[in-house]
Amino acid sequence: GGTGGVGTGRAAEAQQTGMSGKRGGTPGAAMPGGLHLHGARWVTVSPVPPVPPRPQEDNHSYYVSRIYGPGDARLRGLWVDMAAANRSQVKIHGILSNTHRQASRIVLSFDFPFYGHLLRQVTIATGGFIFMGDVIHRMLTATQYVAPLMANFNPSFSRNSTVQYLDNGTVFVVQWDKVYLQGKEDMGSFTFQAALHSTGRIVFGYKEIPVPVLQISATQHPVKAGLSDAFMILNPSPDVPESRRRTIYEYHRVELDTSKITNMSAVEFTPLPTCLQHQSCEMCVTSELTFNCSWCHVLQRCSSGFDRYREEWLSYGCGQKSDEKTCEDLAEGDHYSAPPDSSFSPLDEDVTTSTSSLFIDSLTTEDDTKLNQYAGSEGNSLPSKKAGAPIHTGTIVGIVLAVLLIAAIILAGIYINSHPTSNAALFFIERRPHHWPAMKFRNHTNHATYSEVEPTSQEKEGFVEAEQC
């Protein structure tokens, strides 16, 4: 009956007799070779295929992360093939691909939800991350980032290294393709990407990771992977009482285990509901989220108090004892207004802080990534906000006095020019230095003319006419 199948014919009868006769044998007993006896027949048992490991899943309050390792069937759907995409939608950033530690702002074609905030512009950095903040400062690596692999990458090292991005209206993808580490080019090239979906989903894809991430030095540049967001508060400057500075407070961070970042791996972040998504008081106060959501009637906003609008939330006194109030009680308190001593006003959004006055708590070791000033060459430039600073009272008084002095000098000059025989005109002429040219005046009916007299030899008869002021 063959050598690898079910026993048949005399061989099967002999086995059956042998197992059921004096020699003994129990039906169903296991025998060598992967054969089991069921009743009177031997059958072959196929090995059970290995079950693919489930992705590692973690809840981070704002996002749920899933890490997919090599061989996972879902990897193919998570990686965006830039080469196979529409060529008109893929752009190679010429400046970022040829510089080091530079960043460029890009406008999205859709609103991207990030920690519940809708963003329409992001800043791509050569260091393997996307800055998500509104105010550009010198410490972009500190917070407010989407970082598939933040490190000291230098795309200008090789002609094959590029920073490219794609925007098809539903997903925005940034790919760092064949980039090398500054000073560690012998480690090999890295290829990875970050995809921002219009639903708020974020995917990190890793194609080429030549060395373990734990071996990358963080001496010259931070090395990390994950998400972060923060809010800013305008505080009085201790050095200059009338000036203010922005203080950045990071309220949430997702740090990935970099040992899980390998060739052909991926990380998927699925956003969780936040307080900001609720548009009515009833939905806000009845929310069953893990956040302590409160409704502010004057702002018509639901919040936990920890988001990018925290300064405005505090300025209007939102969230104070709101747990004891119903929506009707909050509606009756719509006479709320900003406190008189509040530093918030709608114009505060246009005030940016210079690099020297920026203060970030416990983040002084981050690197200095510059904003690319040539973003306009990519067709995505934005009008920059003008920096403003409070003007001192003494400065205003000095400006007024200077204007009055200049006006007095001009009026005196006009008077002397119009009345050359006046006491004031004769006073200045008599006391002029010898090297000054003497001016000869002649009276005319409509306008006065004067001529310049050379300090040596005889006078010239040329006259220049000037219109009367």
Side-chain angles (χ1 to χ4, degrees), residues 103 105 114-123 125 131-145 228-253 276 294 296 298-301 303-320 335-373 375 382-402:
R105 182 164 292 184
F114 184 63
Y115 281 89
H117 310 88
L118 297 180
L119 307 182
R120 201 58 185 262
Q121 59 186 16
V122 297
T123 303
F131 178 69
M132 311 297 288
D134 298 326
V135 179
I136 301 297
H137 49 78
R138 64 185 176 89
M139 303 172 79
L140 300 185
T141 61
T143 183
Q144 292 185 312
Y145 55 75
S228 171
D229 199 25
F231 57 83
M232 295 187 180
I233 299 293
L234 278 174
N235 293 322
S237 176
D239 301 328
V240 184
E242 296 182 2
S243 65
R244 293 174 296 176
R245 65 180 181 183
R246 290 184 181 271
T247 306
I248 301 178
Y249 296 92
E250 184 183 59
Y251 66 88
H252 191 263
R253 173 184 293 191
L276 293 175
S294 301
C296 184
V298 64
L299 295 177
Q300 291 292 299
R301 182 183 301 153
S303 174
S304 63
F306 289 93
D307 50 48
R308 296 192 179 189
Y309 309 118
R310 179 170 176 80
E311 182 177 30
E312 187 180 23
W313 184 266
L314 296 177
S315 299
Y316 282 92
C318 300
Q320 298 178 0
H335 58 276
Y336 271 144
S337 60
D341 58 346
S342 173
S343 61
F344 174 81
S345 67
L347 296 178
D348 287 345
E349 297 178 359
D350 294 331
V351 178
T352 58
T353 307
S354 62
T355 301
S356 59
S357 61
L358 181 70
F359 176 76
I360 302 180
D361 293 334
S362 68
L363 295 174
T364 57
T365 59
E366 301 289 359
D367 100 297
D368 185 0
T369 301
K370 303 174 184 177
L371 172 66
N372 176 27
Q373 300 297 335
L382 292 176
S384 60
K385 299 181 180 180
K386 296 183 178 180
I391 302 177
H392 300 285
T393 306
T395 304
I396 297 176
V397 174
I399 294 174
V400 172
L401 292 178

Give me the atom names and distance for the closest heavy-atom approach of [X] to [Y].
X    : Y    : value
R246 : M232 : CD-SD, 3.8 Å
A230 : Q144 : O-NE2, 3.1 Å
V298 : C318 : CG1-SG, 4.3 Å
A103 : T123 : CB-CG2, 3.6 Å

For R301, the salt bridge (Lys or Arg N to Asp or Glu O under 4.0 Å) test, sequence neighbours excluded, returns E312
- [ ] Verify whether the ring centers belonging to H137 and F131 lie closer than 6.0 Å.
- [x] yes
Which residues satisfy the ring pair (Phe, Tyr, Trp, His ring centres under 6.0 Å) test with [X], sequence neighbours excluded?
X    : result
H252 : Y62, Y115
Y145 : none
F114 : none
F306 : none

First locate atom [atom1] of [X], then atom [atom2] of [Y], and finally report the distance between them rounded to the nearest 0.5 Å.
X    : Y    : atom1 : atom2 : result
L234 : R245 : CG    : CZ    : 11.5 Å
I248 : I233 : CD1   : CD1   : 11.5 Å
L276 : Y309 : CG    : OH    : 6.5 Å
R120 : D134 : CZ    : CG    : 14.0 Å

Residues passing the side-chain hydrogen bond (donor to acceptor under 3.5 Å, both in side chains) test with Y251, sequence neighbours excluded, are D229
Side-chain donor or acceptor of R253 paired with backbone N/O of S228 under 3.5 Å: no
